[in-house]
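Residue numbers start from 1 in every chain, and the chains themselves are labelled A, B, ... in the order their sequence lines are given, proteins ahead of strands. Below, all heavy atoms of this structure are taken into account, side chains as well, without hydrogens, waters or symmetry copies.
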Protein chains: 2
Amino acid sequence: MGRKSLKEARKKEIIKVFYSLAKKNGLENTSIAKIAAKMEINPSLIIHYFQTREDLVYGLVDYILDKYKLIYKVSATHSKDSRKALLEIIGNIFSKKWNALFDDGLFYGCYAMTFHDAKVRDLYKKLLDSLRQMLIGHIEQCREDGVLDVDDVETVADNIFVLIDGAYFYLSLVTDKEEYEQRLAKYRQQALSILHLKELSEVAG
Amino acid sequence: MGRKSLKEARKKEIIKVFYSLAKKNGLENTSIAKIAAKMEINPSLIIHYFQTREDLVYGLVDYILDKYKLIYKVSATHSKDSRKALLEIIGNIFSKKWNALFDDGLFYGCYAMTFHDAKVRDLYKKLLDSLRQMLIGHIEQCREDGVLDVDDVETVADNIFVLIDGAYFYLSLVTDKEEYEQRLAKYRQQALSILHLKELSEVAG
DNA sequence: TGATAAATTGAATGAATGTTCAATTAATTT
DNA sequence: AAATTAATTGAACATTCATTCAATTTATCA
């Protein structure tokens, strides 16, 4: 008996507000008090759900990495066609959709924490490694289906990831919209060339 | 008359302590009070030299980016030989020297600030662009000297930078020393292959 | 030696921080 | 309606923060 627990839903609400405030003002400028003020609740309620600020931050990292994972999601329509699936992933990664879905500033902000927080480092490492495995799987599948001609799958996947990380590191500093899009297209092109894949209009849109 | 000004030297001392503390504990955990305590001086003295914490952070960013620049420095002995100069730069970038000279955690920590601080963003952008120009110059020189066969110098330089940034992004999460070194060697190899250069024992050591 | 200017201290400020605990409100079950 | 459990509040806490200002120490020059 007693009242129904809202714990998980409430925690998510809090983290979402944390995310939006940190996105706007930066991680270090977003305090528990400010989150509470924005939600018009008492700061102690946030502590009630997350015992410490540390735990709250871990929650945010989880949230961010979950979003990040979505970039690599394959839509149901392409799940049977390994070539289309791979093209969709590459397309998602090097598209403007990314920016709508995801905030690079927070991603790098939390990434910076990995250098001093073992837990955050583990979360990042595990996610990045799992994404690597996922991409390896896709490429492997393509090779088995005979639509891809690569010799060393792991190296190819690594090259793709280096390209992604390196591309966005500099891109995040490019404010000129046109230059940004040109570079993005170029990097996508390069990813496809690493895979020995040609972009098709049907998928590349 | 009056006392001789120690301003610049003192500012540098303060920033060095700031750097070492932030390297150990993270940027957000390093306050003016802690820097002062470490130096056994009064916090107000730090404010006396840097009017605000903001300015102190800008000083740190300058300091970090100056260090970063050193990676691209060419030693006097190679300054006349464009091929050796380029090989030295590539060697420096993908070497363990980097880690001794430079703290990646702080570099990324300050990088994360670029998303909310226009001044920091400009400092980073200007530095990265100048390094790009520098590398372009080296490659250009190599081509003129006939020791390099590349068609689009700018693209090649961009590829190198993408490789660097992408490589270190993931490398920073690799704790296993052996894997770290293997990857590093692989990425250096890849840089040389982008340049159509073969590693020589004399330089690569 | 005395004037001058910079270095440095020391005390104090108010604001913001994360966190505590007890008290209260609200929903759900018997 | 009474009991139970969770949600939420509100007040208080000690700490830390960046920053202020006046006072003092220290070096340098005439």
Side-chain angles (χ1 to χ4, degrees), chain A residues 1-22 24-63 109-110 112-113 116-117 119-120, chain B residues 1-22 24-63 109-110 112-113 116-117 119-120:
Chain A
M1 56 165 74
R3 196 168 169 174
K4 199 169 82 182
S5 173
L6 306 173
K7 194 172 183 180
E8 292 312 313
R10 213 72 173 104
K11 286 178 84 171
K12 191 142 205 171
E13 279 185 66
I14 293 169
I15 285 175
K16 279 187 178 178
V17 175
F18 189 10
Y19 176 87
S20 73
L21 286 181
K24 193 189 297 180
N25 308 318
L27 210 45
E28 71 283 1
N29 297 318
T30 308
S31 63
I32 292 176
K34 285 175 182 169
I35 300 169
K38 177 81 174 182
M39 298 181 73
E40 294 181 357
I41 61 172
N42 199 286
S44 59
L45 188 58
I46 295 178
I47 290 288
H48 169 72
Y49 286 118
F50 306 88
Q51 284 67 39
T52 63
R53 184 191 150 87
E54 220 185 355
D55 289 339
L56 178 63
V57 170
Y58 292 148
L60 180 69
V61 172
D62 275 332
Y63 181 73
C110 291
M113 291 174 43
H116 300 103
D117 190 311
K119 190 163 180 178
V120 176
Chain B
M1 57 165 71
R3 197 170 168 174
K4 200 168 82 181
S5 173
L6 305 173
K7 195 172 183 179
E8 291 314 312
R10 214 71 172 105
K11 285 178 86 171
K12 190 141 205 172
E13 279 185 65
I14 293 168
I15 285 176
K16 278 187 178 179
V17 175
F18 188 10
Y19 176 87
S20 73
L21 286 181
K24 193 189 296 181
N25 308 317
L27 210 47
E28 71 283 2
N29 298 318
T30 308
S31 63
I32 292 176
K34 285 175 182 169
I35 300 169
K38 177 81 176 182
M39 298 180 73
E40 295 182 356
I41 61 171
N42 201 285
S44 59
L45 187 57
I46 295 178
I47 290 288
H48 168 73
Y49 286 118
F50 306 87
Q51 284 67 39
T52 64
R53 182 191 153 87
E54 222 186 353
D55 289 339
L56 178 62
V57 170
Y58 292 147
L60 180 69
V61 172
D62 275 332
Y63 182 72
C110 291
M113 291 173 42
H116 299 103
D117 189 312
K119 188 163 180 179
V120 177

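Position along DNA chain C of the nearest nucleotide to Ser44(A) versus Lys34(A) favours Lys34(A) as the more 5'-ward residue. Along DNA chain D, the nucleotide nearest to Tyr49(A) and the one nearest to Pro43(B) differ in position, and the one closer to the 5' end is contacted by Tyr49(A). Each of Gly2(A) and Phe50(A) was assigned the nucleotide of DNA chain C with the nearest heavy atom; the assignment lying further toward the 5' end belongs to Phe50(A).
Rounded to a whole Å, the CG atom of Asn42(A) is 13 Å from the P atom of dG18(C). In this structure, Met39(B) places its CE atom 12 Å from C1' of dA7(C), rounding to the nearest Å. When the P atom of dT20(C) is taken as reference, atom CD1 of Ile32(A) falls 10 Å away, rounded to whole Å. Atoms NE2 (His48(B)) and C1' (dA5(C)) sit 11 Å apart, rounded to a whole Å. Computed from coordinates, the Ile46(B) CD1 to dA7(C) P distance equals 14 Å when rounded to whole Å. Regarding Ile35(A), its CD1 atom lies at a distance of 13 Å from the C1' atom of dT17(C), rounded to whole Å. Taking atom NZ of Lys7(B) as the reference point, atom P of dT8(C) lies 13 Å away to the nearest angstrom. In this structure, CD of Glu8(B) is placed 10 Å from P of dA7(C), rounded to the nearest angstrom.
The ring pair (Phe, Tyr, Trp, His ring centres under 6.0 Å) search around Tyr49(B) returns none, not counting sequence neighbours. Taking Tyr63(B) as the reference, Tyr19(B) meet the ring pair (Phe, Tyr, Trp, His ring centres under 6.0 Å) condition, with sequence neighbours excluded.
If you check distances only, the side chain of Thr52(A) never reaches the base of dG18(C) with a donor-acceptor pair under 3.5 Å.
Under a 3.5 Å cut-off, the side chain of Asn29(B) and the backbone N or O of Asn25(B) do form a donor-acceptor pair.
Scanning DNA chain D 5' to 3' for nucleotides with an atom closer than 4.0 angstrom to a non-hydrogen atom of chain B gives a first and last hit of dC17(D) to dA30(D).
Under 4.0 Å is where a charged nitrogen must lie from a carboxylate oxygen, and between Lys16(B) and Glu13(B) no such pair does.
Side-chain atoms of Ile14(B) and Val17(B), non-hydrogen and from C-beta on, never get closer than 4.5 Å to each other.
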